[in-house]
Amino acid sequence: AQSVTQPDIHITVSEGASLELRCNYSYGATPYLFWYVQSPGQGLQLLLKYFSGDTLVQGIKGFEAEFKRSQSSFNLRKPSVHWSDAAEYFCAVGVGADKLIFGTGTRLQVFP
Amino acid sequence: DSGVTQTPKHLITATGQRVTLRCSPRSGDLSVYWYQQSLDQGLQFLIQYYNGEERAKGNILERFSAQQFPDLHSELNLSSLELGDSALYFCASSVGKGNGETQYFGPGTRLLVL
């Protein structure tokens, strides 16, 4: 069955530090992969997505993610975190023609 | 602002009752998706409509139903509500049928069943 694992429930970093959020997926075919961010009381905003081609994907707000087929991973990175990046981050895989399967999310806390 | 609107923003009701959540997709989007976000289940896909027709079904209970109208807005009907139905319900929309398209999410409707 298709699934997405985000092993880190909660991550705390200092402002200006680098960030990596982990995501592993299980899916038989080539996946469509997404990272969404959810700020408190808000909906989900797309950060970036991977369909095919270049395995390093650039997104909004200075985020990037790298698709590694051999590791079934799609980790999200940012070289320098800002306090406004504090939010919950969800990795998702597009299954078949329609639905998204989401991971359980990683809550990011940023200290000044 | 994603362009997807949902009403109401908050809803408080009692067990056994029925509620209707409304979603208006982005202009030009033909697909509407419904998701449920709860503490114990996380974010789960419920159902997708494309241009008025049901296209895909996920973990949607029989007590729940949805439809998409000719003007493309969608409604999610939740009946015989239970305490466990308390959750954040998101609507999303995309241009076409899916196929890995970007889904744009609304702000959600927070449902509290007492």
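Protein chains get the first letters and strands the later ones, always in sequence-line order, with residue 1 at the start of each.
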Subject >> Toward chain A, the part of B/Thr102 with a non-hydrogen atom under 4.5 Å >> reply: both
Original post:
Mind checking whether A/Glu88 and A/Val37 have side chains closer than 4.5 Å, heavy atoms only?
Top reply: no
Original post:
Side chain, backbone, both or neither: which part of A/Leu44 has an atom under 4.5 Å from a heavy atom of chain B?
Top reply: both
Original post:
How are the rings of B/Tyr89 and B/Phe64 set to each other: parallel, tilted or perpendicular (split at 30° and 60°)?
Top reply: perpendicular
Subject >> A/Lys78 to A/Phe63, cation-pi by 6.0 Å centre distance and 45° axis angle >> reply: yes
Original post:
Which atoms of A/Gln38 come close to chain B, meaning under 4.5 Å heavy atom to heavy atom: side chain ones, backbone ones, both, or neither?
Top reply: side chain
Original post:
Rounded to the nearest 0.5 Å, what separation is found between the CD atom of B/Gln41 and the CZ atom of A/Phe102?
Top reply: 15.0 Å
Subject >> Side chain, backbone, both or neither of B/Ile47 within contact of chain A (heavy atoms, under 4.5 Å) >> reply: neither
